[in-house]
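Remarks on the structure that follows.
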Amino acid sequence: MEDYKYLFKVVLIGNAGVGKTCLVRRFTQGLFPPGQGATIGVDFMISTVEIDGVKVKLQIWDTAGQERFRSITQSYYRSANALILVYDISCQPSFDCLPQWINEMDMYASTKVITYLVGNKSDRVNQREIPAHIAERFAQQQDMRFLETSAKEADNVKRLFLEIAKELTQQARDNEICSQYSSASDLGATDTSPVGNFSCCKGF
Amino acid sequence: MAATSDSRRSNLQQLTTLEDIQKGLQNLCKEEARVNEELVVLLKQQPDMCCLNSMVPNLQMINNDAAQLAGMISFTSTLAENISSKVRQLDLAKSRVTVCMQRVEDVWDLKYCTDGVQTALQDEDYEKAAAHIHRFLSLDENVLRMSADASEGSTLDTSFKLLHEAQNKLQMIVHRQFDAAVHCGDVASVERFFKIFPLIGQHKEGLAKFSKYLCAQLSDMADKNMKTALSTCAGDKRANVIFADTLTLLFEGIARVVEIHQPLVETYYGPGRMFTMMQHLQKECDRQSRKILDHFRNQRNLEMKLQQVEQSLYQRTLSSTEKIEPKELDPLMAEVTLLNARAELYTRFVRRRIMNDLEVATQNEDAKAANKEEVDKLITTCELSRQMQELIGNYIMMEEYFMHEMVTKAVSLDLIDESALTSSMVDDAFFIVKKCVRRALSSSSIDGVCAMLNHACSILEQDFQEVLYARLRQGMPSGFDFSQAYNLVQSSLQFGKLQSSDDETQKQKTAFLTTLNNADVSCEYIQTLKKSLEDDTAKMYGHVNDQGSAKLQSCLSDLGAVSTRFTDVLEFGFSQFNSGVLKPRLRPWLDAFLSVDHNITEDDFSNYEANDPWVQTFIVNIDNFLITFKSSLTSGNYDSLIRHLSNEITTRLEKNVMKTTFNRLGGLQFDKELRSLVGYLTSVTTWTIRDRFARLTQMATILNLERVSEMLDYWGPNSGPLTWRLTPAEVRQVLSLRLVLSSCCFTVSPCALIGRRQLLLYGVGLILFLPAPSLVGDNFSSMGWG
């Protein structure tokens, strides 16, 4: 019925007011609504992109940053294919909270999830409090990809989501090939002895 | 005319041949006819010409008349224009007069009001005074001042001064009187003065004062309700939800206030004022609900319980005695969901009331959108909503813990009932999940429901599906006689005890099969659960916006997707079963085929007819094998078993066929064997088995050929409806299994002398000369038999 090959879940997390909703709005609607109110619970948007001629549907869950919604937002981590952890480059506290967020991710998210650290509001050059190289080093330590964005200037926003879509698509394709191989070896298993099957599996 | 006749005459000289003459005659005849016609027409017009002559003097007269008429018309038009400009001037004059009269009237009114207000105030007839002030306020003061001339100015000034004074005085009086009325609880006076405020241009002040008065009433009522709530004894049947009840009473109180006073506000203040009033009322609502919820937290020990839950959730090392008992949370969660449901109902009421009122007051679409945003903001950011969001957050944590603990318990207390196909954990776990999600549904919080659906997915996949996986991983103990197991179960059922030697294996066996059934049933249960929750959400959440229903839809479909995880478990289980049980059992039975000679004489063939060498025994064996499982597997699993069994039979049998040599009768024998086997398998399942045996059936067809050339009747363009599952190479390979084909003119005995390889070469050579291109292709020559 719907025309897409893959569906991925992307979940945005991070302190309140770092611009998660604006990032999503910029990407899905091309808007930057000033005076965006705080998100209540979880918002849900869908965007279809094309990666190498394949239609990919991104289901974007924009979570509320406020503490009282934590138990709601946490329930979305496990099924996420990608997690975007956002902080505000002009707000030191939002950066200082990152370890807590990473702790939550370790606790709830699946081990296969792709994680991005995103420093938003990069247009605020004069109010910058976190130098890019510090954040980049931090991301490296945590084994996360890193990007600075500006939802206001539409800077790197598209790139962020397209990179994620691309990587997830690649992952899905690899999995498909892998499962094809394993199903082939299953077929083989029916006419080889268990020992042969085992060695054949070891082959790749 | 003469000239033409001359030329004609000279032309006449040139007419030398008969044809030319005749042509000339024809032309002349045509000319004559034409001239005649022309004459007739002209003659007809002759009387008209006479008329024209007589009309000439008349025309002259008409011309004169027309000139006269034109003169008259232009005169009239100038006249009309003159008149209309006069009328315009008159109009202007008239409108000025009207305005003037209006002014005079206004001035008159002003004087009248000035006098009226004074007397009304003296008589304490405030309504009348207010009406005068209202009239005065509706006058445009500046215009009146401008139109007044110097002498009149002074009296106007005094009037205005007096009226302004009177207005201030009246405002003061009304404020004072209103407060006094509120103070002594005089409802009639309160309403009386409430109605005066809009007349003296104090809408906002009036609404604020009145709302304050209403809030005070609400507060009194809430205090009373709270006292009753706190004095309710623990044994009361509403004791468990007493705070939800109190909150409900508060909401009902507010709703009643709105019901009663909305018409009053609309009549005296005009439409669009409900928003202001609701803003005031909402503040009181926030204050009162905060009180109720604070009491709720204290009385129910919420903070302490939450702490315990948090510890139990995140420190999984805690022993079960240290953990909080999940059942203890049951009443608490019920009350929280009830609280939220009530609050949700109330906010919906508020939104509807305000929006309906604003709808009447504003026509502009942009203004409407802006209004909607304002109202949304009021509702989402009010203290009550914030409190409820926090409570829902707490609830989700408790419910997650509850569901996790209860499912884990259901798994650990799993009981295998001999009479049932599945064990208790499936029914129990799904019952718990359903109960929890249903409870979340009853809270009316979409985010809450979505979160619980997500948790349900996690728990089913982690705490439940993983257990099934682990159990199947232990596998089915092999080398165990199933008919024996079956008898054992039967006897144990009869005598009520198991023989200790086989006790363990038997238990393991039952556990394995039960787990397979559990996985199969779980797939089904998830779909049923999803369906029933979909129905519930459709019923209870029909009013939510697109965004909300999209979220619900997405989370529900995630739940549905969990069933594929159970399918994976099933697949894994069957692969375990295949290698552990199915293969070892089937191999010897299938390999018995090899010991049956398929290179037979007529006598052998008829002997086989009477004493079946293989297939009957094989069928009996499978039948016995299947019987032991039929009663202990779900129908879905039993079908899967037959599917796997058929797969195993076909692959193994194909191999064995390739290892055997056949003559014509042997081929016939094999065909018979295959038919009875397929017939049997078809009888025991609802699946279409024939398709799975297509390759073997095609092999039998080939082995049954009278001569090689017959192959062409089945192959290539002649294949008709038959789709070949065998590759050309395989077809050749099967053909080569036939020791002799009648077209080779070999008898049986020389054939035995010739080496098999040579025979094959002969057969192949024969085929090579056959004209079917699909069979005799490149593949063929590249087979490398030469």
Side-chain angles (χ1 to χ4, degrees), chain A residues 1-2 7-9 11 24 28 33 35-46 57-64 66-81 103-104 106-110 179 182-183 185-198 201, chain B residues 310 313-314 373 376-377 379-381 385-400 445-458 461-462 546-555 557-558 561-562 571 575 578-580 583-584 644 647-648 650-652 654-655:
Chain A
M1 188 172 66
E2 276 180 84
L7 174 89
F8 300 120
K9 278 192 178 180
V11 178
V24 176
T28 55
Q36 178 70 40
T39 307
I40 305 291
V42 181
D43 263 351
F44 170 73
M45 303 253 185
I46 283 178
K57 191 160 148 182
L58 292 180
Q59 217 182 49
I60 304 169
W61 295 87
D62 169 27
T63 66
Q66 286 162 316
E67 182 69 33
R68 65 176 181 280
F69 296 109
R70 216 38 63 83
S71 72
I72 289 176
T73 56
Q74 280 165 357
S75 77
Y76 288 89
Y77 286 44
R78 202 188 55 91
S79 60
N81 298 106
N103 202 17
E104 280 204 1
D106 291 344
M107 212 141 75
Y108 302 105
S110 112
S179 70
S182 67
S183 69
S185 78
D186 273 355
L187 273 179
T190 53
D191 48 20
T192 44
S193 61
V195 181
N197 182 22
F198 180 66
C201 270
Chain B
E310 210 171 337
L313 255 181
Y314 301 129
E373 218 162 89
D376 279 345
K377 205 174 159 198
I379 288 169
T380 50
T381 58
S385 296
R386 226 184 52 74
Q387 291 254 356
M388 291 324 299
Q389 287 157 3
E390 209 155 283
L391 270 182
I392 280 293
N394 298 338
Y395 158 74
I396 288 167
M397 191 170 77
M398 290 190 285
E399 192 75 284
E400 184 200 353
S445 157
I446 291 180
D447 278 324
V449 178
C450 287
M452 277 325 292
L453 282 171
N454 292 342
H455 283 312
C457 292
S458 314
E461 281 186 10
Q462 284 169 0
D546 294 347
Q547 161 90 3
S549 53
K551 278 199 285 193
L552 278 174
Q553 211 50 54
S554 168
C555 290
S557 68
D558 282 355
V562 175
E571 277 308 309
S575 74
N578 255 1
S579 54
K583 266 185 208 170
H644 282 95
N647 273 348
E648 190 55 33
T650 49
T651 37
R652 191 71 187 177
E654 266 177 40
K655 266 200 192 144

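Reminder, nothing fancy here: chain letters follow the sequence lines and each chain counts from 1. This structure is a prediction, so every number in the text was calculated from the model and none was measured.
Of the inter-residue distances, the one linking A:Ile72 atom CD1 with B:Met452 atom CE reads 11.5 Å to the nearest 0.5 angstrom. In this structure, the separation between CZ on A:Arg78 and CG on B:Asp558 is 9.0 Å, given to the nearest 0.5 Å. Here the CD atom belonging to B:Glu399 is positioned 13.0 Å from the OG atom belonging to A:Ser75, to the nearest 0.5 angstrom. Rounded to the nearest 0.5 angstrom, A:Tyr108 OH and B:Ser458 OG are separated by 11.0 Å.
In terms of heavy-atom pairs under 4.5 angstrom with chain A, the leader among B:Cys450, B:Ser385, B:Ser554 is B:Ser554. Ranked by heavy-atom pairs under 4.5 Å with chain A, the first of B:His455, B:Arg652, B:Glu654 is B:His455.
Neither the backbone nor the side chain of A:Tyr77 comes within less than 4.5 Å of any heavy atom in chain B. Only the side chain of A:Met107 comes within contact range of chain B, with at least one heavy atom under 4.5 Å from a heavy atom of that chain. Contact of A:Glu67 with chain B is not made at all, since no heavy-atom distance falls under 4.5 Å. At a 4.5 Å heavy-atom cutoff, the contact between B:Cys555 and chain A is made by side-chain atoms alone. Heavy atoms closer than 4.5 Å to chain B are found nowhere in A:Gln66, neither backbone nor side chain.
Here the side chains of A:Gln74 and B:Met397 are not in contact, with every heavy-atom distance at 4.5 Å or above.
B:Asp447 and A:Gly41 make their closest contact through OD2-CA, 3.2 Å (heavy atoms, listed as atom of the first residue, atom of the second, distance). Among all heavy-atom pairs drawn from A:Phe44 and B:Gln547, the shortest one is N-NE2, 2.8 Å.
Listed for the B:Lys551 side chain is no donor-acceptor partner under 3.5 Å among the backbone atoms of A:Trp61.
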